[in-house]
Amino acid sequence: MNVRQSHWPRLNRKSGDPKLAVALYFHQKTFLSRTFTFKVNRELGQWENTSTIYPYLSPEQKEKLLDNFKVAVQIPTVSFSESDQNITALQEFDLLLRRVFPKVFSSSLVRHEVVGNYSHLFTVAGADAGLEPYMLLAHIDVVPANEADGWDAPPFSAQEIDGFIYGRGTIDNKQSVMGILQALEYLLERGYTPRRTFYIGLGHDEEINGEEGAVKIVNLLKSRGVKLLYVLDEGLTIMDGVVDGLNEPAALIGVSEKGQTTVKLSVSTPPGHSSMPPRESSIGILASAVARLEKNRMPNLFGHGPERATFEHLAHKFGWSYRMIMSNLWLFSSLLSSVLEGQPDTNAFVRTTTAVTMFNSGVKINVMPAYAEAFVNFRIHSSQTVQEVLNLIESTVSDKRVKVEFINGFDPLPISSYEDDTFGYQIIKKSVQDIFPQVTVTPGICVANTDSRHYTQLSPDIYRFAPSWYKPGDSARFHGVNERISIQNYEEIVLFYFQLMQNSDVRNLPTLRS
Ligand SMILES: CCCCCCCC/C=C\CCCCCCCC(=O)N[C@@H](Cc1ccccc1)C(=O)O
Ligand SMILES: [Zn+2]
Ligand SMILES: [Zn+2]
């Protein structure tokens, strides 16, 4: 029997997962020499009987939450650069939050503080001060968007097309900002008193490093001696149809995020008349170096980081041909990793990526340029370090005329626990399964960075996930054109946070049935 039935009747559309553990031992030099366990979600035992408010939205609530979300998307809270943000929009956003979430801002249970001028910290007091608090994060700012790049609707219009709301921030990350507060608003309206204290941190500068928002919130919490049971921020999503051979949707909970480093390559040559050019120009030398970096990608490290666990958890969900490949990785690992490196999003999962993002040179068409520079941004796989990547860059560039300068960087983030007895991971997993019963939950690695990387001193268990649906073609919407979310998905997101806040109120996870 699925014991959750008694507490969440509607939510139990999925039957219990089968118990299955098959361990295969391989003897190759790569990760395949380690145990490869086909670990299927184990059904957890009896959940504590807390009084829960049923996750339901009335037609009026659906209409209201959509209106609120649209207005949020219409406010252009753009971070242009570290020194250029749309301050007026951030102020307007502050007023919006106060207007549309009256319960949150008036409840005696909620303390609201503005941090770093435009970020927000909410402390929601739990009835049992003995329980360790948790924290939900999201960010208000967005990257710039230009309609002329090919948007089907103006990027700050929140226009509705075929059941989708179009606009910058709809999946990065106003769906979480508004979804979290909307869920809390509805819970408070329905008389909810949390048992476990929780924090909500809404940063205003995530897209430009989070120094004024997340970093200041962390310092404030540290000064108060706060320790967090878990942290949940934006990050991975529900993947549907993105991975070849995987026929069911999978919610990937980011248990870590990649590191990154940016280097500047530059070449200086004597300037001169373009009618008597040297054999190689500064631009040509630099272009060759950049081309070598693009051509000689960083090694495919599939299996050396948490992506191995992703495939372990998903193995039983693949079609038979892929299952056979995964059951015989000693033979087929290079085949699988070459499939993964075939698409930009899955490629990002298996290696340190190389992105040439800026290239500048030249002043006049008949003057040989004295100087050329390029910036290359690397996102570092979990099993590598900044130093190792820098060494590989030097050996690939391998041209004394090209100066390689380290601009900034940080190593991949620690890997948070995703064990059966890890509170945060299991609560997020249960909340996903409550709202999305058709979805398999698995750990993953977040390929981009989030504000949560500033929280490592407050908690060892940091997760990066928001339940947006991610389908083929959607990778181009992040920071790209036609960013959008379906209306149904936004409602699901509100319900997910609604459920997460209540699920987090259990004192302990159920003990596992043997
Ligand atoms: C097996 C399946 C593999 C699928 C893998 C990949 C799927 C990718 C899905 C979603 C990715 C969304 C990432 C959302 C978070 C975006 C956050 C962001 O943009 N962060 C900025 C932060 C930053 C960092 C440093 C300087 C300035 C800003 C970023 O990382 O650039
Ligand atoms: Zn984001
Ligand atoms: Zn972003």
Side-chain angles (χ1 to χ4, degrees), residues 20-40 236 239-248 250 252 254-260 291-356 376 378-385 388-393 395-398 412 415 418 440 442-448 470 472 475:
L20 173 66
V22 180
L24 299 175
Y25 292 88
F26 300 98
H27 305 285
Q28 262 46 40
K29 239 177 123 199
T30 64
F31 87 92
L32 305 174
S33 62
R34 291 180 240 148
T35 307
F36 190 83
T37 309
F38 279 55
K39 189 175 174 189
V40 178
L236 294 174
M239 310 285 165
D240 191 15
V242 184
V243 182
D244 261 2
L246 181 62
N247 304 322
E248 291 179 29
L252 270 62
V255 295
S256 180
E257 61 189 53
K258 293 175 86 174
Q260 68 162 294
R292 277 197 297 285
L293 283 173
E294 282 192 341
K295 190 158 177 271
N296 301 288
R297 297 195 287 186
M298 295 285 162
N300 184 326
L301 294 168
F302 171 63
H304 292 266
E307 75 281 353
R308 175 169 176 255
T310 307
F311 285 88
E312 285 175 350
H313 281 71
L314 289 178
H316 67 294
K317 297 285 178 183
F318 276 82
W320 71 268
S321 52
Y322 277 88
R323 265 206 316 273
M324 192 185 71
I325 289 173
M326 286 188 211
S327 312
N328 294 285
L329 278 174
W330 59 275
L331 189 59
F332 294 124
S333 83
S334 62
L335 179 65
L336 181 56
S337 59
S338 65
V339 170
L340 291 173
E341 68 182 13
Q343 277 173 216
D345 45 11
T346 47
N347 177 56
F349 221 56
V350 300
R351 62 157 41 85
T352 296
T353 51
T354 304
V356 184
V376 191
F378 297 84
R379 301 299 176 118
I380 304 172
H381 185 272
S382 280
S383 64
Q384 275 182 326
T385 61
E388 285 165 0
V389 170
L390 293 176
N391 294 344
L392 285 167
I393 295 168
S395 64
T396 303
V397 169
S398 187
I415 297 168
Y418 47 90
T440 303
T442 173
I445 174 92
C446 188
V447 297
Y470 178 106
S475 67

- prompt: Would you say the side-chain atoms of Arg379 pair up with the backbone N or O of Lys258, donor to acceptor, closer than 3.5 Å?
  reply: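 Not a single qualifying donor-acceptor pair exists.
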query: Should Gln260 and Phe378 count as side-chain neighbours, where that means a heavy-atom distance under 4.5 Å?
result: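 Heavy-atom side-chain distance check fails, nothing below 4.5 Å.
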- prompt: Tell me, do Tyr470 and Ser475 make a side-chain contact under 4.5 Å, heavy atoms counted?
  reply: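 Result yes, sub-4.5 Å side-chain heavy-atom pair found.
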Which atom pair, heavy atoms only, marks the closest approach of [X] to [Y]?
| X | Y | answer |
| --- | --- | --- |
| Pro443 | Tyr418 | CG-CD1, 3.6 Å |
| Ser382 | Ile445 | OG-CD1, 3.0 Å |
| Arg323 | Phe318 | NH1-O, 2.7 Å |
| Gly303 | Arg308 | O-CD, 3.2 Å |
| Ala309 | Thr442 | O-OG1, 4.0 Å |
| Leu293 | Thr354 | O-CG2, 4.1 Å |

task: Taking the six-membered ring for Trp and the single ring otherwise, decide whether the centroids of Phe311 and Phe302 are under 6.0 Å apart.
output: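 They qualify: ring centres under 6.0 Å apart.
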- request: Return each pair, listed once, that meets salt bridge (Lys or Arg N to Asp or Glu O under 4.0 Å) where at least one residue sits in residues 341-355; pairs must be two or more places apart or across chains.
  value: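 Every salt bridge (Lys or Arg N to Asp or Glu O under 4.0 Å) pair that includes a residue of residues 341-355, provided the two are not neighbours, is Arg297-Glu341, Glu341-Arg351.
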field: Residues Asn347, Leu340; criterion side chain to side chain contact (heavy atoms under 4.5 Å, CB included); working and verdict
entry: CA-CA 6 Å; Asn347 177 56; Leu340 291 173; over 6 Å; no
message: Checking Thr310 against Leu252 for the side chain to side chain contact (heavy atoms under 4.5 Å, CB included) test, could you report, in this order, the C-alpha distance in whole Å, the side-chain angles of both residues, the deciding distance, and whether it holds?
response: CA-CA 8 Å; Thr310 307; Leu252 270 62; 4.1 Å; yes
query: With sequence neighbours left out, what residues match Glu248 under salt bridge (Lys or Arg N to Asp or Glu O under 4.0 Å)?
result: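 Testing Glu248 for salt bridge (Lys or Arg N to Asp or Glu O under 4.0 Å), a comparison that skips the adjacent residues, returns Lys317.
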query: Side chains of His381 and Glu307: donor-acceptor distance under 3.5 Å anywhere?
result: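 Indeed, the side chains of His381 and Glu307 share at least one donor-acceptor pair under 3.5 Å.
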message: The test is side chain to side chain contact (heavy atoms under 4.5 Å, CB included); show your working for Ile393 and Met298 and say whether it passes.
response: CA-CA 9 Å; Ile393 295 168; Met298 295 285 162; 4.0 Å; yes
- prompt: Between Thr385 and Val389, is a side chain to side chain contact (heavy atoms under 4.5 Å, CB included) present by the stated rule, with each step listed?
  reply: CA-CA 6 Å; Thr385 61; Val389 170; over 6 Å; no
